[in-house]
Q: 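Mind looking over this structure? Questions follow.
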Amino acid sequence: MSPEKSILKKKLIENYATIFEKELINEIIEVGSFQSLKSGEQLIDIGDEMTHIPLIVDGVIKIIREDENGEEIALYFLEKGDTCAISFVNCINRTKSMFRGVVTRDTEGIFIPVNKVDIWLQKYESWRRFIIDSYHFRLIEMVESIDRLAFLNVEKRLYKYLIDKSKIMKDKTLIITHQEIAEDNHTSRVVVSRLLKRLENDGQITIRRNRIIIEN
DNA sequence: ACATTAAGTGATT
DNA sequence: AATCACTTAATGT
């Protein structure tokens, strides 16, 4: 057995022996390849063709989406024990990657050629479970990201609302309750309280009972 | 001092 | 982000 294969075997057994059956482990050793990646390296870029699926043994990979302006948003992170099931769908459809993957911390991974990924789905229960779980987990993480983004937008909206209100009232001090602000902005009092707290921590406003003071 | 209402928090979905 | 279930703080009587 080549040195590369034996390290692959070692890493695989260390990390996946409990979740994959013996035959699958053997197949992975056969077709997989072990790779170390340095922090900062780019694993895959948007538009690249996917050829392999990574099983992360150690380290962190950040999955990023980019908009027209080159603004990046982190969708989720792949860590030890993770794989990228989303990229797996890309593989089956022979489509290009929608994401960019950047190594955030030195990473070790086992790379599986995409054609096997599909075959194993039917062949191994543990593999199917692994992929489905991974998919599920990724989805949850992404929903959380969406929530976070939506949250930020509401914070901006809220600040604008306060500024506008202040202009209309010609007063830096607004006599208003969180409840009323919530109603105006179609959200809940609790959310308003939390966002206002953040604005206050940023020094943009001061909160008093029944009043909000806009700072400069 | 006590009740009422506003605001803050942590956990959950 | 919304909701729940409390807790804590401010105010009125």
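Computed from a predicted structure; not experimentally measured. Chain letters run A, B, ... following the sequence lines, proteins first, then strands; residues in each count from 1.
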Q: Just the rounded figure in Å: distance from P of C/dA2 to CD of A/E155.
A: 14 Å
Q: Output all residues satisfying salt bridge (charged side-chain N to carboxylate O under 4.0 Å, His left out) with A/K11, sequence neighbours left out; order by chain, then residue number.
A: A/E108
Q: I'd like the 5' and 3' limits of the part of DNA chain B contacted by chain A, with heavy-atom contacts below 4.0 Å.
A: B/dT5 to B/dA11
Q: Going by salt bridge (charged side-chain N to carboxylate O under 4.0 Å, His left out), name the pairs with one or both residues in residues 192-201 of chain A, residues two or more places apart or in two chains.
A: A/E155-A/R198, A/K197-A/E200
Q: For A/T104, enumerate each residue passing the side chain to side chain donor-acceptor pair (under 3.5 Å) test, keeping only those at least two apart in sequence or located in another chain.
A: none
Q: May I ask you to check whether A/D184 and A/Y161 show a side-chain donor-acceptor distance below 3.5 Å?
A: yes
Q: Please list, by residue number, the residues of residues 185-197 of chain A whose heavy atoms come closer than 4.0 Å to an atom of DNA chain C; answer none if no residue qualifies.
A: A/H186, A/T187, A/S188, A/V190, A/V191, A/R194
Q: Among residues two or more places apart or on two chains, list those pairs meeting salt bridge (charged side-chain N to carboxylate O under 4.0 Å, His left out) that have a residue in residues 204-216 of chain A.
A: none
Q: Of all residues at least two apart in sequence or in a different chain, which pass the side chain to side chain contact (heavy atoms under 4.5 Å, CB included) check with A/K170?
A: none
Q: Which pairs count as salt bridge (charged side-chain N to carboxylate O under 4.0 Å, His left out) when at least one residue sits in residues 18-34 of chain A, sequence neighbours excluded?
A: A/E27-A/K123
Q: Scan nucleotides 11-13 of chain C against the protein and return all N/O pairs shorter than 3.5 Å with their distances rounded to 0.1 Å.
A:
none

Q: With sequence neighbours left out, write down each residue that passes side chain to side chain contact (heavy atoms under 4.5 Å, CB included) with A/R129, or none if nothing qualifies.
A: A/E125, A/I132, A/D133
Q: Not counting sequence neighbours, which residues clear side chain to side chain contact (heavy atoms under 4.5 Å, CB included) with A/N115? List them please.
A: A/P113
Q: Of all residues at least two apart in sequence or in a different chain, which pass the side chain to side chain contact (heavy atoms under 4.5 Å, CB included) check with A/I25?
A: A/L12, A/I13, A/F20, A/I29
